[in-house]
Amino acid sequence: MPTIMVDGQEIEVDEGGFFVHPDQWTEEMAPELARTAGVGELNEEHRRVIKFMREEYFAKGTGPTVRALGLSSGVPVKRLYELFPKGPAKLAARIAGIPKPRGCI
Amino acid sequence: MTRRVVILGGGTGGTLVANRLRRMTDEASVDIVVVDRDDRHIYQPGLLFVPFGTTRPESLVRPRSAQLAKGVTYRLDTVDQVDLDARTVAMSSGDRLGYDVLVIATGAELMPEETEGLTGPGWLKNVFTFYSLDGASALARALDSFDGGRLAVNVVDMPIKCPVAPLEFAFLADAYFRRRGIRDRVELSLVTPLDGAFTKPIASATLGGMFEERGINLVTEYNTGEVDSSAGRLVSYDGREEDFDLAVVVPVHGGSAWVGRSDGLGDPLNFVPTDEQTLQSMARPEVFVLGDAADVRASKAGSVAHFEGHVLCENVRAHLAGEAPSARYDGHANCFIETGAGRALLIDFNYETEPMPGRYPGRIGLPLLAESRTNHVAKRLFEQFYWHVLLPGRDVPGIGADMPMAGKVPAPMPASSLAGKER
């Protein structure tokens with residue numbers, strides 16, 4: 001497994017750059033993770049989505065898909081794409097320090 | 001004391017579970033009731049062939065009630081909601097039906113209205129779906145008069161029923177236009193939210209190569225935000241545009257609306273969170289789920305409902321007998337993939353094992369992950385097998401619920417599936 005350095009800590013990630021151990025994540029890591037994911041400065045809305053991703057992950061064992069995220073987070077899908085261009089579920093999951101959402105097969 | 005098993009949905013899963021369970025239990029001690037809102041059972045795998053004029057739409061429909069064994073009660077009614085605490089099903093008619101065991105088999109529904117513009121002025125004019133009987137029939141007429149231009153096959157979002165069907169449609173369209181001698185006048189593309197032709201790397205590499213051979217464009221990681229039928233264009237959420245003269249769209253799917261009205265049962269998409277091995281709902285041990293209605297990681301496909309059915313029936317029997325459910329579903333799925341011109345490919349896989357080459361169900365059997373005429377013939381014969389063996393819930397020698405490993409030839413992961421990922 002590859003590792004990355006975030007906020008001075010060595011973090012184990014999978015080949016997609018997703019955290020293997022979500023409890024290693026701290027809120028202080030989010031801005032740095034956002035920059036490497038190409039998301040830029042985090043605002044209140046970003047943070048709300050990231051918090052929601054983590055809550056969903058710990059409640060259900062996987063992060064939500066974009067559609068489920070749009071339906072249950074209160075942030076419409078269109079807006080999610082403005083916040084996290086090129087894939088809100090994946091990018092938000094990477095920044096939130098949770099594994100890649102299981103999605104659908 | 002007589003106990004009652006209520007099965008919601010008389011489709012593939014509900015029907016085969018009702019029939020199988022009827023044989024496993026005594027009529028004097030267990031009532032089995034199947035509820036459905038209509039009496040039309042559609043052989044859904046046949047929808048794929050309707051647009052190309054090789055299957056008549058009405059030939060795919062039979063009465064649901066006629067597929068149920070003697071001793072199973074069929075009830076024509078619409079489910080309004082389930083009360084998990086009271087163990088009752090409230091019907092739209094006002095009736096209430098109590099249960100000891102509930103089996104949810106109400107499948108997935110198409111929700112075209114969730115995508116901006118999809119059901120707009122172009123719906124059934126230059127924008128179609130083949131995922132419904134009406135849609136497939138209308139598309140047959142449109143294809144007949146299509147003389148060239150851009151045809152886009154678009155999957156809006158996952159999950160969808162039969163994830164290989166859009167690929168098959170593209171392959172069959174390619175063969176269809178060749179047969180009509182106008183293939184050079186048609187630009188064919190598959191526009192998908194996935195990062196390849198299919199979700200599983202080994203099969204995705206094989207299938208991706210088949211797209212190239214046939215000159216079908218593959219547009220990946222495309223999340224459709226809008227279907228603009230007047231301008232003839234798909235627009236993705238990240239602003240990419242795909243032009244079309246004819247769009248064949250697979251709309252987003254959701255579970256049944258009644259799931260959303262039932263407290264504590266469903267997820268935001270109205271699918272039912274389910275233990276992927278015992279097939280019990282996460283909400284209650286006496287509520288079982290199979291087929292498209294469940295949120296398990298298996299494909300939404302008839303073969304999945306078939307293999308799940310064996311496990312589910314055994315676990316329902318155990319539950320009624322006061323034992324812990326011990327049967328485990330391994331995620332086994334298989335599907336024939338039509339590749340055009342009378343050939344097809346077969347894939348067989350489960351939760352842990354990807355589709356790989358070899359033969360199914362054993363060393364002597366149908367070729368896996370390779371195109372052949374035999375697979376195509378088997379796919380067409382399967383329709384009779386469906387009505388006469390699968391729905392009655394019979395055991396088939398050599399075809400078990402668990403995925404067989406004999407006959408498979410493990411293949412290395414294709415390099416292309418790893419490309420572009422950080423290692």
Side-chain angles (χ1 to χ4, degrees), chain A residues 1-6 11-20 33 36-39 49 52-53 55-92 94 99-105, chain B residues 108 111 114-116 155-161 163-164 193-195 198-200 203 221-226 235-240 252-254 260 266-271 273 276 282 292 295-301 304 331 333 349-351 354-355 413 417-423:
Chain A
M1 286 271 181
T3 57
I4 52 170
M5 288 299 289
V6 195
I11 304 288
E12 204 177 318
V13 293
D14 72 2
E15 58 265 30
F18 295 88
F19 274 46
V20 176
L33 289 165
T36 41
V39 168
V49 173
F52 185 81
M53 293 294 288
E55 285 168 1
E56 283 281 295
Y57 174 79
F58 285 109
K60 297 177 182 162
T62 176
T65 60
V66 185
R67 212 170 122 222
L69 187 59
L71 285 170
S72 42
S73 69
V75 182
V77 174
K78 221 171 183 155
R79 181 70 188 138
L80 287 169
Y81 272 91
E82 289 163 13
L83 294 169
F84 303 93
K86 299 190 185 302
K90 264 198 235 174
L91 288 182
R94 265 174 69 172
K100 185 176 173 178
R102 192 166 86 187
C104 317
I105 297 158
Chain B
M111 309 176 91
E114 267 200 26
T115 301
E116 195 178 329
V155 178
V156 176
D157 199 5
M158 301 301 282
I160 59 169
K161 294 190 266 193
V164 296
L194 300 174
D195 57 8
F198 194 54
T199 49
K200 310 269 183 174
E221 295 187 85
Y222 191 93
N223 291 281
T224 308
E226 187 192 345
V235 186
S236 72
Y237 278 116
D238 57 1
R240 287 185 284 158
V252 298
H253 288 36
D267 70 11
L269 304 182
N270 291 340
F271 292 116
E276 64 177 32
M282 295 299 195
D292 300 348
D295 81 334
V296 299
R297 315 184 260 150
S299 293
K300 299 204 177 299
V304 168
F349 54 105
N350 69 13
Y351 287 138
E354 289 211 34
M413 294 280 275
S417 74
L418 306 173
K421 287 182 183 158
E422 303 154 33
R423 296 297 286 163

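The figures here come from the full heavy-atom set of this structure, side chains too, leaving out hydrogens, waters and symmetry mates. Sequence lines set the chain letters: A, B, ... in the order given, protein chains first and strands last, and positions in each chain run from 1.
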Spacing of CE belonging to B:M282 relative to NZ belonging to A:K60, to within rounding of 0.5 Å
11.5 Å
Identify all side-chain donor-acceptor contacts of residues 73-82 of chain A below 3.5 Å with residues at least two apart in sequence or on another chain.
residue	atom	partner	partner atom	Å
A:S73	OG	A:L69	O	2.6
A:S73	OG	A:V75	N	3.2
A:R79	NE	A:E45	OE1	3.0
A:R79	NE	A:E45	OE2	3.1
A:R79	NH1	A:E82	OE1	2.8
A:R79	NH2	A:E45	OE1	2.6
A:Y81	OH	B:N223	OD1	3.4
A:Y81	OH	B:N223	ND2	3.0

A:F58 meets the ring pair (Phe, Tyr, Trp, His ring centres under 6.0 Å) criterion, sequence neighbours left out, with none
At what distance, to the nearest 0.5 angstrom, does CG of A:L71 lie from CD of B:E114?
6.0 Å
Please evaluate residues A:R67 and B:L269 with respect to the criterion side-chain contact (heavy atoms from CB on, under 4.5 Å), reporting the C-alpha separation (whole Å), side-chain torsions for both, the decisive distance (0.1 Å), and the verdict.
CA-CA 8 Å; A:R67 212 170 122 222; B:L269 304 182; 3.9 Å; yes
